[in-house]
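A short worksheet on the structure shown next.
Excluded from the calculations below are hydrogen atoms, water molecules and symmetry mates; all remaining heavy atoms, backbone and side chain alike, are included. In the text below, chain A, chain B and the rest are named by the order of the sequence lines, each starting its count at 1.
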Amino acid sequence: MKRHDQVSWTSIISGLSRMGQGKEAIWMFKEMLDSNSKPNCLTYVSVISACKGVEETFDQGTMLHAHVLKLGFNNNSFVVSSLINCYAKCGRPYQAVLLFDEATVRDTILFNSMIAAYSLNLYGEEALKLFIRMRNEDASPSDHTLTNVLNACGSLTLLHQGRQVHSLVTKLCSEKSVFLTSALIDMYSKCGSIGDARFLFDETLEKNDVVWTSMILGYAQSGKGADALELFERFEILDGNKLDHICFTAVLTACNHAGFVDKGIEYFNKMRDYGLVPQLDQFACLIDLYARNGHLRKAKELMEEMPYEPNYVMWSSFLHSCNSYGEVELGREAAYQLFKMEPWNAASYIMLANIYAKAGLWNEVTEVRKLMQQKGVRKSAGWSWVEVDKELHVFSVGDATHPESQKIYEGLEKLNFEMKEAGYIQKQLYEPEGIIYCQL
DNA sequence: TTAGGGTTAG
């Protein structure tokens with residue numbers, strides 16, 4: 001095209017965003033700002049939707065939010081829900097709450113966005129409370145709503161509430177979508193009701209790959225490795241199946257939990273037959289499989305050979321296996337890797353001390369304890385809380401008898417200041433009811 | 001002619 005107008009710019013930005021080409025969409029938006037065409041609400045919705053997940057897109061999202069405020073687009077519910085979604089996916093649920101609370105008109109999609117924002121950031125209780133409020137406010141739930149609510153029930157293992165939502169699904173949705181089916185299977189599996197999950201699975205005639213994977217994973221996480229493998233093999237021979245990385249993660253998890261070492265290796269190698277290149281998660285499964293079954297050297301070799309840097313969880317599960325098999329040398333190496341990654345995290349110090357203690361290496365145990373003292377690492381002694389009002393003034397401290405409570409109180413003055421400066425509360429510290437949890 | 005929300009993973 002020789003000339004681009006507002007609509008053609010918006011169309012290409014929207015197209016790129018929908019295709020998951022977020023970076024390109026943002027880049028195109030910047031080009032547009034330099035052109036003669038000015039973005040409108042539709043353009044902002046498209047470009048904001050392109051900001052997902054990664055840290056740099058949080059900055060992009062904040063910048064776009066500033067544009068929106070300046071241009072007065074913040075009363076458009078499409079724009080608001082795209083911003084809520086963006087903040088939720090960047091792990092900033094509090095920012096999403098602020099937007100939701102400010103909105104004057106709350107339609108179904110806005111509620112859905114906020115419920116999803118809570119659920120995604122593991123605020124299951126808040127997600128359920130908002131769902132109840134939504135019902136009281138006569139905003140009618142859609143199957144998007146119910147999917148998110150089921151997710152929250154699963155993550156809180158609330159079987160009773162999950163069943164109630166299932167009843168609502170039956171009542172409100174004449175035709176169950178694959179989204180709802182997989183969310184229900186997932187909810188029942190996570191609540192330990194694997195029989196209900198299987199019943200639903202068998203009852204569903206139109207199954208897609210996610211439905212299959214959810215069921216396989218349900219078995220894997222319930223420790224029913226053989227059932228998981230059986231189902232996977234049925235899925236494998238099915239015409240038109242779409243075996244992907246997640247499905248392989250599910251089957252590898254099953255092997256892992258059931259101790260099927262040879263099967264696990266076989267499935268890992270099979271990925272290539274389907275044109276899939278193993279990603280970090282599949283390597284993690286295989287490494288854990290080796291380590292859990294005592295093949296610690298093999299696991300270590302694989303960690304060094306694989307084309308990814310081992311992450312915290314990999315080293316951590318490896319350290320656990322070193323503890324199980326009394327492997328001091330490898331355990332020490334894993335622990336020191338973990339100290340580098342999260343020096344404040346007591347778990348790895350304690351684990352290394354345990355490994356030393358089991359081996360009777362008491363001098364080394366003392367050294368670890370000293371190291372902890374030097375770095376000011378404390379073993380967590382549970383949780384306390386501090387209640388705050390809207391202005392973040394403290395009005396009660398949870399366990400006032402605990403010697404650490406006073407420190408929390410003092411720390412809060414500083415924290416309040418920093419939070420206000422930053423304009424939001426950190427995820428770990430924020431509870432929408434006005435209670436801040438602190439680790440003692 | 002351009003716009004928002006949902007399922008599965010170590």
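- For B:dG6, the base has no donor-acceptor partner in the side chain of A:Ser142 [N/O atoms by modelled type, under 3.5 angstrom].
- Comparing B:dA3, B:dT8, B:dG10 against the side chain of A:Asn76 picks out B:dA3 as the nearest.
- A:Ser77 comes within 4.0 angstrom of a base, heavy atoms only.
- Within the structure, a side-chain polar atom (N or O) of A:Asn151 is placed less than 4.0 Å from OP1 or OP2 of B:dT8.
- Across A:Ser193 and A:Arg163, no two heavy atoms sit closer than the pair OG-NH2, 3.9 Å.
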Side-chain donor-acceptor distances from residues 278-286 of chain A under 3.5 Å, at least two apart:
{"unit_1": "A:Gln282", "atom_1": "OE1", "unit_2": "A:Gln279", "atom_2": "N", "d": "2.8"}
{"unit_1": "A:Gln282", "atom_1": "NE2", "unit_2": "A:His245", "atom_2": "O", "d": "3.2"}
{"unit_1": "A:Gln282", "atom_1": "NE2", "unit_2": "A:Thr249", "atom_2": "OG1", "d": "2.6"}

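- Within the 4.0 angstrom heavy-atom criterion, no nucleotide atom of any strand lies near A:Thr181.
- Nucleic acid contact class of A:Lys190 (heavy atoms, under 4.0 Å, all strands): sugar-phosphate only.
- Within the 6.0 Å centre-distance limit, the rings of A:Phe201 and A:Trp212 are counted as a close aromatic pair.
- When distances are taken from the side chain of A:Asp107 to each of B:dA3, B:dG6, B:dG4, the shortest belongs to B:dG4.
- Contact check, A:Arg18 against B:dA3: a side-chain N or O comes under 4.0 Å of OP1 or OP2.
- Here the nucleotide nearest the side chain of A:Ser182, chosen from B:dG6, B:dT7, B:dT8, is B:dT7.
- For the pair A:Asn256 CG and B:dA9 C1', the computed distance is 13 Å after rounding to whole Å.
- We find that CZ of A:Phe78 is positioned 6 Å from C1' of B:dA3, with the value rounded to whole Å.
- No contact: A:Thr43 has no heavy atom under 4.0 Å from any strand.
- Taking atom CH2 on A:Trp212 and atom C1' on B:dA9, their separation rounds to 19 Å, with Å as the unit.
- Taking the charged nitrogens against the carboxylate oxygens, A:Glu230 and A:Arg234 have no contact shorter than 4.0 Å, which rules out a salt bridge.
- For the OP1/OP2 pair of B:dT2 and a distance below 4.0 Å, the side-chain nitrogens and oxygens of A:Lys38 include no atom meeting the criterion.
- A:Leu217 has its CG atom 15 Å from the P atom of B:dT7, to the nearest Å.
- The side chain of A:Ser46 has B:dA3 as its nearest neighbour among B:dG4, B:dA3, B:dT2.
- Shortest non-hydrogen contact noted between A:Val165 and A:Leu146 is CG1-CD2, 4.0 Å.
- Judged by distance alone with a 3.5 Å cut-off, a donor-acceptor contact links the side chain of A:Asp143 to the base of B:dG6.
- When rounded to the nearest whole Å, the span between CG of A:Leu42 and P of B:dT2 equals 9 Å.
- In this structure, A:Lys89 reaches the B:dG6 phosphate: one of its side-chain N or O atoms is under 4.0 Å from OP1 or OP2.
- When the nucleotides B:dT7, B:dG4, B:dG10 are ranked by their closest atom to the side chain of A:Val313, B:dG10 comes out on top.
- The side chain of A:Val210 lies closest to B:dT8 when the candidates are B:dT8, B:dA9, B:dG4.
- Taking only distance into account, the side chain of A:Ser81 meets the base of B:dG4 through a donor-acceptor pair shorter than 3.5 Å.
- Among the nucleotides B:dA3, B:dG4, B:dG6, the one closest to the side chain of A:Ser177 is B:dG6.
- Under 3.5 Å, the side chain of A:Ser113 and the base of B:dG4 form no donor-acceptor pair of N or O atoms.
- Between A:Gln279 and B:dA9, a side-chain N or O to OP1/OP2 separation shorter than 4.0 Å is absent.
- A:Arg106 contributes atom CZ, which lies 13.5 Å from atom OG of A:Ser81 (distance to the nearest 0.5 angstrom).
- When the P atom of B:dA9 is taken as reference, atom CZ of A:Phe248 falls 17 Å away, rounded to whole Å.
- Within the structure, ring pair (Phe, Tyr, Trp, His ring centres under 6.0 Å) pairs that include any residue of residues 154-181 of chain A comprise A:His166-A:Tyr188 (at least two apart or interchain).
- Under 4.0 angstrom from either OP1 or OP2 of B:dA3 there lies at least one side-chain N or O belonging to A:Ser14.
- Nucleic acid contact class of A:Asn85 (heavy atoms, under 4.0 Å, all strands): sugar-phosphate only.
- Going from atom CD of A:Gln6 over to atom C1' of B:dA3 covers 12 Å, rounded to whole Å.
- Atom NE2 of A:His320 is separated from atom C1' of B:dG10 by 14 Å (rounded to the nearest Å).
- Nucleic acid contact class of A:Ser8 (heavy atoms, under 4.0 Å, all strands): none.
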